[in-house]
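All of these numbers come straight from a predicted model, not from anything done at the bench. Start at 1 with the first residue, then count along the sequence.
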Amino acid sequence: MNGEIPCHPKKIKEVILGDKFISINEFVAVARYGARVTFSQNYCNRVIQSRNLIEKFLTENRKIYGVTTGFGENVSKIISPEQSETLQRNIVRSHAVSVGEPLKKEVVRASQLMMLQSFGQGYSGVSLQILELIRGLLNHHVTPYVPGEGSVAYLAPEAHMALVLIGEGRAWHKNELLSGKEALERAGLHPITLGCKEGLSLLNGTSTVTAFSVLAVYDAMTSVKVADIAGAMSLEALKGTIKAFDPRIHKAKKHKEQAGTARNIVRILEESEIAEKHKDYRLQDAISLRALPQMHGAAKKAIKNALEDIVNEMQSCGDNPIVYPKNGDGVALMTGNFDGTYVGIQADSMCIAITTLAKVSERRIDRLVNHHHSELPSFLVANPGLNNGYMIPQYTAAGLYGEMKTLSHPASIDNVPTCANQEDAVSFAYFAAKKAYLITKKLHYILAIELMCATQALDFLKPLHPGQVTKAVYDLIRSKVPVVEEDRFFYPDIENIYSQVLHGEIIERVEEIIGELEV
């Protein structure tokens, strides 16, 4: 994975900003697993130099957007230096108007980390004091309460985060929801007064858009490996032919992701008695089994394309204006770097790729539970009729896939002009990225259901032995999910396997045996 270090995020305990760009894994370590954030001396030096420049510009009363002028369509309104603190406080208060259910804590943490990434490059003019407070929130598990609906790309969710920095709004301290002021006090932190440009910078850019997208693309890159594992187990359980993965087939089509997927399936099913016995059982399998390399491979390619642009955005400064140093002085450049179109387009593309994986996984689930196709007991239970077995988990997968299809409609092509038409083209990247984040979670559930069904199906093929890899996955799942002999409450089973997918346990178990899977 581009930008990745060879360590699972849950094993990373500290992330240092400033000397190099952090990786996707380090980003997820902070957002999802609570790794501590520290600043290098180079980071601090860049921030201090940039802040000194913006204060110099203010004393010289240079005409700079958001520093000595109003915001948006109010750019023509001149603001005196004496009013700068009021201007910055007002933008935070007036823009904190997103609504609805709050964002997940990991998304808020990812957004705050993205702010630190962007500002720490020394182009924003934000004080080190503010960045140290944001770092303090992350390290002391103070998470702003951020309503998650109503953004066209930026501003409103970020404003709710910024409120906490000035002792307003609401925030969780650990797991308790408090006023922003009290949450800071509980953590031994203190609110700050925003100086010139700082409120604008905190609201600007692609912080939340990128936060959603980084988490989504990380989970998507996890999903493509799990999809290969689940697909291989389903192929094995359904007596599919391994001949469809002959390297000569995939050499004839010039997509390396396809060939890599075929190699993954062969490696996963190596030494499987089941696969060996049934390699000539059918001349040709259904498409969800036979074309697994082609369909998974195409999804992998789209997700890798998205990864490249999302990593670039993660390593960018999305502020406006940009403070550019030059020979002891500098210039403020008015810009459109806050635009999220790069991420929006790739997030929309990622939605299509992820939903494609869901499409073929759901079809494999149906084949597993459908005795007309599987040659296994109806709904994978020994006494069907009295027991429903895994009849309804397939409905769950179908329902999730239906939602994913709707969410795959592109958001980045839409437009509603705002700010009295000063912002006449907006990216709608926020919803594109949010959709990608939501869709990856739904795919994890569908893959968990496929793994659950494939594991149960293997029990009916005894005494034939599965491959070493699929047996290891079988054992991991069975450590949480017992064999189904009669109907029980299946929801906890799905959640347990979902957790194994989300936190990388399935992949780790496989790669311990055969090395890294190809993406």
Side-chain angles (χ1 to χ4, degrees), residues 9-10 13 15 27-37 88-116 129-151 154-194 198-199 201-203 205 207-216 219 430-431 433-435 437-438 440-441 491 495 498-499 502-503:
K10 65 188 175 186
K13 302 305 178 185
V15 173
F27 198 102
V28 175
V30 173
R32 180 170 292 168
Y33 296 104
R36 290 184 61 81
V37 177
Q88 302 305 314
R89 183 174 65 248
N90 284 350
I91 191 176
V92 171
R93 287 174 172 171
S94 66
H95 284 50
V97 292
S98 55
V99 297
E101 292 297 311
L103 296 179
K104 298 283 188 183
K105 290 182 181 180
E106 69 175 12
V107 176
V108 178
R109 289 178 60 85
S111 301
Q112 293 174 307
L113 178 59
M114 187 57 210
M115 292 176 188
L116 296 180
Q129 180 189 20
I130 285 180
L131 304 191
E132 287 174 335
L133 181 54
I134 295 173
R135 180 183 64 179
L137 297 183
L138 288 169
N139 290 346
H140 290 86
H141 300 281
V142 176
T143 308
Y145 180 97
V146 182
E149 298 176 30
S151 174
Y154 58 112
L155 297 176
E158 290 83 355
H160 283 274
M161 298 179 208
L163 278 175
V164 176
L165 301 177
I166 61 175
E168 300 181 15
R170 291 192 291 171
W172 283 281
H173 176 244
K174 299 182 179 176
N175 292 317
E176 187 176 359
L177 185 60
L178 306 164
S179 71
K181 181 180 180 181
E182 186 175 358
L184 291 176
E185 289 175 352
R186 292 274 188 98
L189 303 171
H190 305 283
I192 46 87
T193 299
L194 299 174
E198 293 183 324
S201 289
L202 289 168
L203 275 55
S207 299
T208 306
V209 166
T210 307
F212 269 127
S213 296
V214 170
L215 292 168
D219 287 340
Y430 180 86
F431 187 49
K434 185 179 181 181
K435 289 191 302 101
Y437 176 77
L438 294 172
T440 56
K441 298 292 186 286
Y491 166 79
E495 288 291 340
Y498 170 86
S499 179
L502 177 67
H503 298 298

> With sequence neighbours excluded, what pairs up with Lys441 under the salt bridge (Lys or Arg N to Asp or Glu O under 4.0 Å) test?
Replying inline: Glu106, Asp219
> With a 4.5 Å limit on heavy-atom distance, are the side chains of Met161 and Ser111 in contact?
Replying inline: yes
>> For a quick test of reading the model, state the closest non-hydrogen atom pair linking Leu177 to Trp172 and the distance between them.
In response: N-CD1, 3.6 Å
>> Going by salt bridge (Lys or Arg N to Asp or Glu O under 4.0 Å), name the pairs with one or both residues in residues 92-104, residues two or more places apart or in two chains.
In response: Arg93-Glu168
>> If I compare all heavy atoms of Gly199 with all of Ile91, which pair ends up nearest, and what's the gap?
In response: C-CG2, 3.9 Å
> Do you know the tightest heavy-atom contact between Val107 and Leu103?
Replying inline: CG1-CD1, 4.1 Å
> How about Glu158 and Leu202: do any of their side-chain heavy atoms sit closer than 4.5 Å?
Replying inline: no
Would you mind writing out the side-chain donor-acceptor pairs for residues 129-148 within the sub-3.5 Å range, not counting sequence neighbours?
unit_1	atom_1	unit_2	atom_2	d
Asn139	OD1	Val37	N	2.8
Asn139	ND2	Val37	O	3.0
His140	ND1	Gly136	O	3.0

Residues 180-194 side chain polar contacts: donor-acceptor under 3.5 Å, at least two apart:
unit_1	atom_1	unit_2	atom_2	d
Glu182	OE2	Arg186	NH2	3.1
Arg186	NH1	Glu176	OE1	2.9

> Got a sec, which residues hit salt bridge (Lys or Arg N to Asp or Glu O under 4.0 Å) with Lys434, two or more places apart in sequence or on another chain?
Replying inline: none
> Hey, what do you get for CZ (Arg32) to CZ (Arg109), rounding to the nearest 0.5 Å?
Replying inline: 12.0 Å
>> For Ala110, give me all partners under side-chain contact (heavy atoms from CB on, under 4.5 Å), at least two apart in sequence or on another chain.
In response: Phe27, Ala31, Ala211, Leu215
> With distance as the sole test, does Thr440 use its side chain to make a donor-acceptor pair with the main-chain N or O of Tyr437 at under 3.5 Å?
Replying inline: yes
> Rounded to the nearest 0.5 Å, how far apart are NE2 of His95 and CG of Leu163?
Replying inline: 12.0 Å
